[in-house]
Asks: 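Have a look at this one.
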Amino acid sequence: MYEKDILGLSRHIGDKHHRAYIGPPDEYDLVSAMSFNLLTASGLRQHHRLLDIGCGSLRLGRLLIPYLNAENYIGLEPNEWLVQDGLRYELGDSLVALRKPLFLFDTGLDDLESGVRFDYAIAQSIFSHTAPDLLERWISDVSHRLLDTGVLFATVIEGASPCGGSGWVYPECVEYPLAVVEELAQRYGLSFKTLDWFHPRQTWCAFYKPSYNVGLLDGGAPSWNRFGRLREESAG
Ligand SMILES: C[S@@+](CC[C@H](N)C(=O)[O-])C[C@H]1O[C@@H](n2cnc3c(N)ncnc32)[C@H](O)[C@@H]1O
């Protein structure tokens, strides 16, 4: 049955199918492209190490794992079945053997070796499910794990007042005023910028360390041409 229904187009969001559980199945490809293109326009190269927070069924990992050098993709995901189905139906054993992605089947980074640092982190549709305590914990943890040149890209649902509650909220969504998220970023030494990068329901935000090349964000609207121009200028 599964073999004939890999795209899951007749499934509903939240169904126990690797594509449907994490979002609308008919947008699976769009979310892959949106996220990968943002990262590469914002400077991601093969030698960078990247953390994919709540990597799910590898909607983004299926593009990043082949792109990055071996061992440079780290995916955190508490629902191990999503990763296993993503590996099986979206990526395949041979790419895994070549690129050796690392997976943490966990809700946080406590068990990750203390010296591991990242150039890039991404949280696509994660802060739309974190109550304030968990949102702060993720921003704090990522801030400690990013290199001084590092950046986190995350999506947020904008709302007039912050949500309440605690922990992980799913499949319901939570909203935040962007000023609340910015204040949290600054509390943990990260600069904050909202981005003009299309998302069907949420707002992309960058949280970056002091030495990240913020020129790549071009005032909030990164682009491939901008990336290329900066690259040529720095080559002299
Ligand atoms: C809406 S899905 C997004 C998946 C993926 N980021 C993507 O865009 O394809 C949310 C994911 O977060 C995972 N998750 C659950 N609890 C989490 C936690 N405490 N921290 C981070 N991610 C969590 C879920 O299992 C699910 O895979």
Side-chain angles (χ1 to χ4, degrees), residues 6-8 11-39 44 50-65 67 73-91 101-112 118 120-145 152-157 163 165-176 181 184 195 197-205 207:
I6 286 174
L7 301 183
R11 306 298 184 112
H12 300 289
I13 299 176
D15 282 358
K16 199 167 186 287
H17 177 286
H18 76 281
R19 286 191 171 207
Y21 185 81
I22 59 166
D26 64 340
E27 289 180 359
Y28 197 86
D29 59 331
L30 291 183
V31 174
S32 303
M34 165 184 71
S35 311
F36 184 76
N37 289 338
L38 171 61
L39 287 164
L44 181 73
L50 177 141
L51 172 67
D52 189 355
I53 300 170
C55 63
S57 59
L58 309 179
R59 182 158 54 175
L60 176 56
R62 69 193 180 133
L63 301 184
L64 282 175
I65 290 167
Y67 178 76
Y73 175 90
I74 291 97
L76 175 137
E77 173 55 54
N79 283 308
E80 183 172 350
W81 71 269
L82 282 170
V83 172
Q84 298 303 353
D85 280 7
L87 292 174
R88 178 170 178 197
Y89 297 113
E90 305 293 342
L91 209 65
L102 174 69
F103 294 103
L104 306 168
F105 298 117
D106 210 339
T107 55
L109 298 174
D110 289 352
D111 288 344
L112 183 64
F118 299 99
Y120 284 77
I122 188 159
Q124 199 300 118
S125 198
I126 301 300
F127 295 171
S128 46
H129 301 285
T130 50
D133 58 338
L134 188 54
L135 174 67
E136 178 165 359
R137 201 211 67 202
W138 268 121
I139 291 175
S140 163
D141 286 359
V142 172
S143 74
H144 292 113
R145 293 285 185 165
L152 160 70
F153 293 104
T155 62
V156 173
I157 302 180
C163 66
S166 64
W168 182 249
V169 181
Y170 203 77
E172 299 77 24
C173 292
V174 297
E175 302 178 352
Y176 289 95
V181 184
L184 266 179
L195 302 179
W197 191 265
F198 174 75
H199 190 296
R201 282 166 294 279
Q202 305 194 26
T203 302
W204 278 104
C205 307
F207 304 67

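Read the numbers this way: they start at 1 and go in the same order the structure lists the ligands and their atoms. Small disclaimer: the values here were computed from a predicted structure and weren't measured.
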Asks: Does ligand 1 have an atom under 4.0 Å from some heavy atom of G23?
Replies: no

Asks: Report the C-alpha distance between S35 and Q124 in whole Å, list the side-chain angles of each, state the deciding distance to 0.1 Å, and finish with yes or no for side-chain hydrogen bond (donor to acceptor under 3.5 Å, both in side chains).
Replies: CA-CA 8 Å; S35 311; Q124 199 300 118; 5.3 Å; no

Asks: Looking at E27 and R59, does any basic side-chain N land under 4.0 Å from a carboxylate oxygen?
Replies: no

Asks: To the nearest 0.5 angstrom, please state how far the CD1 atom of I6 sits from the OH atom of Y28.
Replies: 11.0 Å

Asks: Just by distance, with hydrogens left out, do R19 and S57 show a side-chain donor and acceptor under 3.5 Å apart?
Replies: no

Asks: Give a yes or no on whether a salt bridge exists between D141 and R145, defined as a side-chain N under 4.0 angstrom from a carboxylate O.
Replies: no

Asks: Distance only, no hydrogens: is a donor on one side chain within 3.5 Å (strictly under) of an acceptor on the other, for D15 and Y21?
Replies: no

Asks: Could you list the atoms of ligand 1 found under 4.0 angstrom from a heavy atom of L134?
Replies: 19 (N)

Asks: Considering the heavy atoms of L82, write down every atom of ligand 1 situated less than 4.0 Å from one of them.
Replies: 25 (O), 27 (O)

Asks: What are the atoms of ligand 1, with element, lying closer than 4.0 Å to any heavy atom of Q124?
Replies: 3 (C), 5 (C), 6 (N), 7 (C), 8 (O)

Asks: Which atoms of ligand 1 have any heavy atom of I22 under 4.0 Å away?
Replies: 1 (C), 2 (S), 9 (O), 27 (O)

Asks: Taking only heavy atoms of W138 into account, list the atoms of ligand 1 that are under 4.0 Å away from them.
Replies: 20 (N), 21 (C)

Asks: For ligand 1, which atoms, with element, lie under 4.0 Å from some heavy atom of G56?
Replies: 27 (O)

Asks: Strictly distance-based, threshold 3.5 Å: is any side-chain N or O of Y120 a donor or acceptor partner for the main-chain N or O of L44?
Replies: yes

Asks: As a check for students: among W168, Y170, Y21, identify the option with a heavy atom nearest to atom 17 (C) of ligand 1.
Replies: W168

Asks: Who's the nearest protein heavy-atom neighbour of atom 7 (C) of ligand 1, and how far?
Replies: R59 NH2, 3.3 Å

Asks: Which one holds for S125 and ligand 1: side chain close, backbone close, both close, or neither close, with close meaning a heavy atom under 4.0 Å?
Replies: both

Asks: So, the side chain of T155 versus the backbone of T203: is there a donor-acceptor pair under 3.5 Å, distance only?
Replies: no

Asks: Any non-hydrogen atom of T130 lying under 4.0 Å from ligand 1?
Replies: no

Asks: Examine the side chains of E90 and H18 and answer whether a donor and an acceptor come within less than 3.5 Å of each other.
Replies: yes

Asks: Counting non-hydrogen protein atoms only, what is the nearest one to atom 5 (C) of ligand 1? Give residue, atom name and distance.
Replies: G54 O, 3.0 Å

Asks: With heavy atoms under 4.0 Å as the rule, classify the contact between D52 and ligand 1 as side chain, backbone, both or neither.
Replies: neither

Asks: Of the protein's non-hydrogen atoms, which lies at the shortest distance from atom 27 (O) of ligand 1, and what is that distance?
Replies: E77 OE1, 2.7 Å

